[in-house]
Engineer: 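Following this message is one structure expressed as structure tokens.
Computed from a prediction, not measured in an experiment: that's the story for all the values here. The analysis underlying the following values was restricted to heavy atoms, covering all of them including side chains, and did not include hydrogens, waters or symmetry mates. Chain letters run A, B, ... following the sequence lines, proteins first and then strands; every chain starts at 1.
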Protein chains: 2
Amino acid sequence: MILKLLSEKERMYGYEMVQRVKEMSHEKILIKEGSLYPTLHALTKEGYLTTESALVNNRTRKYYSLTNKGKGLAAPAVDELVDFQQTLKLIFGSKPALS
Amino acid sequence: MILKLLSEKERMYGYEMVQRVKEMSHEKILIKEGSLYPTLHALTKEGYLTTESALVNNRTRKYYSLTNKGKGLAAPAVDELVDFQQTLKLIFGSKPALS
DNA sequence: CAATAATACATCATAATCCGATGTATGCAA
DNA sequence: TTGCATACATCGGATTATGATGTATTATTG
């Protein structure tokens with residue numbers, strides 16, 4: 001999801017990602033800090049993301065962007081999830097439950 | 001998925017479930033024995049499934065069925081997955097990639 | 001006819017992943 | 001001044017998936 005978000009918006013910070021996913025998913029997917037920040041750090045360490053820090057309203061913000069390598073990771077990863085969603089639909093395709 | 005399968009067919013055995021999911025998912029989801037059997041045993045132990053063994057073609061088969069308790073688990077669990085699939089679609093909804 | 005694939009069960013150790021709890025700090029609203 | 005939102009971060013525990021491994025029979029195919 002991080003890769004998906006950053007494919008659609010060049011520069012985002014962690015907290016913003018949490019809000020964006022919450023909004024896009026109609027409050028259904030709530031990314032926790034305990035999941036987000038370690039993942040962001042790992043992706044950065046592996047060279048998929050770059051960061052720049054900023055101070056906004058006297059609060060620290062750390063912006064993340066995809067590197068070229070990151071774009072290379074994002075494209076197939078997003079495709080895979082699109083595919084997975086469609087596969088899930090094959091099995092849990094929403095036929096409304098008849099009483 | 002086990003619960004989904006058994007909601008649609010009263011009695012199934014492990015190997016059959018693997019084949020059915022493989023088929024329904026167009027070969028995309030391949031449940032491994034290392035995932036399936038421990039799960040089946042756990043669900044049985046917790047009273048969600050009952051088993052009956054049979055010998056077919058000189059090979060052992062263990063059929064599983066939902067108990068009433070299992071049906072109570074299956075209904076909301078399946079709903080949850082249907083819901084999840086739709087949520088995933090909100091985020092990874094397949095807009096075909098423009099070149 | 002011998003080797004391989006398919007059918008059918010099972011377990012275990014390793015790896016991956018998620019998240020609750022916890023901590024720090026500022027700004028804003030009640 | 002209490003609490004909520006913003007904003008970062010870490011760590012340990014719990015859950016889950018699966019590759020590897022094992023047993024055994026039947027069917028296929030070169």
Side-chain angles (χ1 to χ4, degrees), chain A residues 1-6 9 11-23 25 27-46 48-65 73 77-78 80-81 83-84 87-88 91-92, chain B residues 1-6 9 11-23 25 27-46 48-65 73 77-78 80-81 83-84 87-88 91-92:
Chain A
M1 280 187 194
I2 292 167
L3 297 171
K4 167 73 173 175
L5 295 179
L6 289 175
K9 190 174 175 185
R11 244 167 56 109
M12 290 186 83
Y13 57 100
Y15 189 80
E16 185 187 8
M17 296 180 191
V18 172
Q19 303 310 316
R20 182 81 184 108
V21 169
K22 185 178 173 186
E23 179 202 334
S25 71
E27 329 289 292
K28 294 284 177 56
I29 298 180
L30 307 173
I31 299 178
K32 309 300 175 170
E33 299 99 312
S35 313
L36 180 69
Y37 293 115
T39 302
L40 248 14
H41 299 333
L43 288 171
T44 303
K45 191 180 169 192
E46 287 155 28
Y48 298 115
L49 305 180
T50 45
T51 65
E52 20 173 351
S53 286
L55 202 69
V56 179
N57 264 103
N58 208 29
R59 281 199 213 89
T60 302
R61 267 188 201 174
K62 215 163 142 186
Y63 286 98
Y64 291 88
S65 300
L73 182 64
V78 169
E80 204 184 313
L81 260 286
D83 207 68
F84 177 62
T87 299
L88 258 198
I91 295 174
F92 292 95
Chain B
M1 281 190 194
I2 292 167
L3 297 170
K4 168 72 175 175
L5 295 179
L6 289 175
K9 188 173 176 184
R11 244 168 57 110
M12 289 185 85
Y13 58 100
Y15 189 80
E16 184 187 9
M17 296 181 190
V18 172
Q19 303 309 318
R20 182 82 184 108
V21 169
K22 185 178 172 185
E23 179 201 334
S25 71
E27 329 288 293
K28 292 285 177 58
I29 297 179
L30 308 174
I31 300 178
K32 311 298 176 171
E33 300 100 312
S35 314
L36 179 70
Y37 293 114
T39 303
L40 248 14
H41 299 332
L43 287 171
T44 303
K45 191 180 168 191
E46 286 153 27
Y48 298 115
L49 304 180
T50 46
T51 64
E52 21 172 351
S53 286
L55 201 69
V56 178
N57 262 102
N58 207 30
R59 281 200 213 88
T60 305
R61 267 188 200 173
K62 217 163 139 185
Y63 285 97
Y64 292 87
S65 300
L73 182 64
V78 170
E80 204 184 313
L81 260 287
D83 206 68
F84 177 61
T87 299
L88 257 198
I91 295 175
F92 291 94

Engineer: Quick one: pull up OH in A:Tyr63 and OG1 in A:Thr51 and give me the separation to the nearest 0.5 Å.
Structural biologist: 13.0 Å

Engineer: Measure the OG1-CG distance between B:Thr50 and B:Leu43 for me, rounded to the nearest 0.5 Å.
Structural biologist: 11.5 Å

Engineer: Whole angstroms only, please: what is the CZ-P distance between A:Arg20 and D:dT6?
Structural biologist: 15 Å

Engineer: Nearest 0.5 Å, what's the NE2-CG distance between B:His41 and B:Leu49?
Structural biologist: 11.0 Å

Engineer: Would you check if the side chain of B:Ser25 reaches a backbone N or O of B:Val21 as a donor-acceptor pair within less than 3.5 Å?
Structural biologist: yes

Engineer: Which residue in the set B:Leu6, B:Leu40, B:Leu73, B:Ile2 passes side chain to side chain contact (heavy atoms under 4.5 Å, CB included) when paired with B:Tyr48?
Structural biologist: B:Leu73

Engineer: Would B:Leu36 and B:Met17 count as a side-chain contact (heavy atoms from CB on, under 4.5 Å) if you check the C-alpha gap in whole Å, the side-chain angles of each, and the deciding distance to 0.1 Å?
Structural biologist: CA-CA 9 Å; B:Leu36 179 70; B:Met17 296 181 190; 4.2 Å; yes

Engineer: Looking at NZ of A:Lys62 and OG1 of A:Thr44, how far apart are the two atoms once the value is rounded to the nearest 0.5 Å?
Structural biologist: 7.0 Å

Engineer: With rounding to the nearest 0.5 angstrom, report the CE to CD1 distance, A:Met1 to B:Ile91.
Structural biologist: 4.0 Å

Engineer: Can you see which heavy atom on A:Pro38 is nearest to which on A:Glu33, and at what distance?
Structural biologist: CD-O, 3.5 Å

Engineer: Report the distance from atom CD of A:Glu23 to atom C1' of D:dT6, rounded to the nearest whole Å.
Structural biologist: 16 Å

Engineer: Using atom CG of B:Leu43 as one end and atom P of C:dA10 as the other, report the distance to the nearest whole Å.
Structural biologist: 13 Å

Engineer: Over how many whole Å does the gap from B:Glu16 atom CD to C:dT7 atom P extend?
Structural biologist: 12 Å

Engineer: Work out how much the helix from C:dC1-D:dG30 to C:dA30-D:dT1 bends between its end axes, five pairs an end, to the nearest 10 degrees.
Structural biologist: 30°

Engineer: Within residues 27-39 of chain B, find the residues that approach DNA chain D with a heavy atom at under 4.0 Å, and present them sorted by residue number.
Structural biologist: B:Lys32, B:Gly34, B:Ser35

Engineer: Where along residues 49-64 of chain A does a heavy atom fall under 4.0 Å from DNA chain C?
Structural biologist: A:Asn57, A:Asn58, A:Arg59

Engineer: Starting from P on D:dC11, measure out to NE2 on A:His41 and report it in whole angstrom.
Structural biologist: 10 Å

Engineer: Is it true that A:Glu16 and A:Arg61 have a side-chain N and a carboxylate O under 4.0 angstrom from each other?
Structural biologist: no

Engineer: Go through A:Arg20 and A:Leu5 one step at a time and tell me if the side-chain contact (heavy atoms from CB on, under 4.5 Å) criterion holds.
Structural biologist: CA-CA 8 Å; A:Arg20 182 81 184 108; A:Leu5 295 179; 3.8 Å; yes

Engineer: Does a side-chain N or O from B:Tyr13 land closer than 4.0 Å to OP1 or OP2 of C:dA8, or not?
Structural biologist: yes

Engineer: Which whole-number value in Å describes the distance from A:Leu40 CG to D:dT10 C1'?
Structural biologist: 14 Å

